[in-house]
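Here's the structure, in structure tokens; my notes come after.
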Amino acid sequence: MAAMFRSIPQVFRGHQCASFLLSARMFSKKADEKLALADKVAVVTGSTKGIGFAIARRLAQDGAHVVISSRKQQNVDRAVAVLKEEGLSVTGTVCHVGKAEDRQHLVATALGHSGGVDFLVCVAGVNPLVGSTLGASEQIWDKILDVNVKAPALLLSRLLPHMEKRGGSSVVLVSSAVAYLPVPKLGAYNTSKTALLGLCRSLAVELAPKGIRVNCIVPGVIKTDFGLGEKTLPNMRPELNKIYGLQRLGEPEDCAGIVSFLCSSDASYITGENITVAGFSPRL
Ligand SMILES: NC(=O)c1ccc[n+]([C@@H]2O[C@H](COP(=O)([O-])OP(=O)(O)OC[C@H]3O[C@@H](n4cnc5c(N)ncnc54)[C@H](OP(=O)(O)O)[C@@H]3O)[C@@H](O)[C@H]2O)c1
């Protein structure tokens, strides 16, 4: 009997020891594990603030080297400095996605890191008009379609040879809930965002044989300068309660994890999807 009682602490100690060894093993396994996007290179357009910045930060936190870009040098410098300060691997360059020479320069900068690119995330988008669709001038149409729709395709066509070589490459486009639920006075913008849903599917089919996946996120209203700006939010507000279940506006970070997942090998059987990030959207 005494022996039995003596053995209890031993058993207990043995159990503690075993669980310690187990957790130590799990910890060292965790420490040895590579981050999901380690050794990858990501190009993110429109990434010096808002949704693009949150995506760039998350891809870098998950191990990728990220090339930051937008139209203004000071914005690029600031974003790169902030992320480097956080210990993340980033470089940056100016790229107005509507300008061919800027796109070319962005590709060259990205290739400068390790000679290839794995992910392209096209976030840059504009809405220069609040007004009727038929009142939009040809210049306005050109600007919206050039930046929002043509630029992702033209940039990808330049990156394609370099992405093809890498294996497991992935593209993510950024549409908007207005693609499904047109908001009055944003007609030309709504149309451009609907076009992106089609671009996603066409590119997914076209690039599948090359092993490149193409998906698209479809955000609701996200708290950024653009989302809260006078051109977007006041026009969205009457519709908000009807379509957004979580009863809050989105944060830029709400769009970041899903993009990292879509780039990762965990999403290797997912392509051509338009994924809504809008806090539940039964009417979309
Ligand atoms: N916020 C929302 O509610 C919401 C909802 C659905 C979809 N979206 C889409 O999400 C994307 C990003 O919006 P956001 O809300 O994050 O806006 P944001 O906070 O205003 O940020 C826009 C970013 O894009 C850059 N940019 C603007 N025009 C550009 C161009 N022509 N070429 C390259 N970069 C450009 C800006 O920097 P520079 O000024 O230095 O160029 C900035 O870094 C857009 O495509 C938008 O349509 C937003």
Set of residues satisfying side-chain hydrogen bond (donor to acceptor under 3.5 Å, both in side chains) with respect to [X], sequence neighbours excluded:
X: E251; answer: K223
X: R57; answer: E86
X: S260; answer: D62
X: T45; answer: none

Which of these passes side chain to side chain contact (heavy atoms under 4.5 Å, CB included) with [X]: [options]?
X: R213; options: S169, C263, S170; value: S170
X: S47; options: V66, I68, L59; value: I68
X: L186; options: L129, T133, V130; value: V130

With the 4.5 Å side-chain cut-off for hydrophobic clustering, are [X] and [Y] part of the same group?
X: V94; Y: V82; result: yes
X: I51; Y: V149; result: no
X: V172; Y: F53; result: yes
X: V183; Y: L145; result: no

Pairs touching [range] that satisfy salt bridge (Lys or Arg N to Asp or Glu O under 4.0 Å), sequence neighbours left out:
range: residues 100-121; result: D118-R166
range: residues 127-149; result: D146-K150
range: residues 64-76; result: none
range: residues 254-274; result: R248-D254

> Other hydrophobic cluster members with L155, side-chain heavy atoms of Ile/Leu/Val/Met/Phe/Trp/Tyr under 4.5 Å, chained?
Replying inline: V41, V43, V67, L106, V107, L111, V117, L120, L156, L159, L160, M163, V171, L173, L196, L199, L203, L207, I212, V214
> How is the hydrophobic cluster of V126 composed, in terms of its other members, when Ile, Leu, Val, Met, Phe, Trp and Tyr link through side-chain heavy atoms under 4.5 Å apart, directly or indirectly?
Replying inline: V97, V147
Inter-residue atom distance [X].[atom1] - [Y].[atom2], 0.5 Å rounding:
X: L249; Y: T224; atom1: CG; atom2: OG1; result: 10.0 Å
X: F261; Y: R58; atom1: CZ; atom2: CZ; result: 11.5 Å
X: K40; Y: S264; atom1: NZ; atom2: OG; result: 10.0 Å

Verify, without hydrogens or angle tests, whether [X] (side chain) and [Y] (backbone) share a donor-acceptor contact under 3.5 angstrom.
X: S176; Y: A179; result: no
X: K193; Y: V174; result: yes
X: S265; Y: S268; result: no
X: N215; Y: I270; result: yes

Any idea which heavy atoms bring [X] and [Y] closest together, and the distance?
X: I222; Y: P252; value: CG2-N, 3.5 Å
X: V221; Y: G227; value: CG1-O, 4.0 Å
X: S89; Y: A60; value: O-CB, 4.4 Å
X: Y189; Y: N127; value: CB-OD1, 3.4 Å
X: I258; Y: V277; value: CG2-CG2, 4.1 Å
X: A64; Y: A42; value: CB-CB, 4.5 Å

> Taking it one step at a time, do L262 and I217 satisfy side-chain contact (heavy atoms from CB on, under 4.5 Å)?
Replying inline: CA-CA 10 Å; L262 289 170; I217 62 163; 4.1 Å; yes
>> Tell me which pairs pass ring pair (Phe, Tyr, Trp, His ring centres under 6.0 Å) where either residue lies in residues 126-168, with sequence neighbours left out.
In response: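 Not a single pair qualifies under ring pair (Phe, Tyr, Trp, His ring centres under 6.0 Å).
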> Quick one: ring pair (Phe, Tyr, Trp, His ring centres under 6.0 Å) pairs with a partner in residues 87-119, sequence neighbours left out?
Replying inline: H65-H113
Quick one: does [X]'s side chain get under 4.5 Å of [Y]'s, heavy atoms only?
X: L197; Y: Y180; value: yes
X: R158; Y: Q104; value: yes
X: V76; Y: S70; value: yes

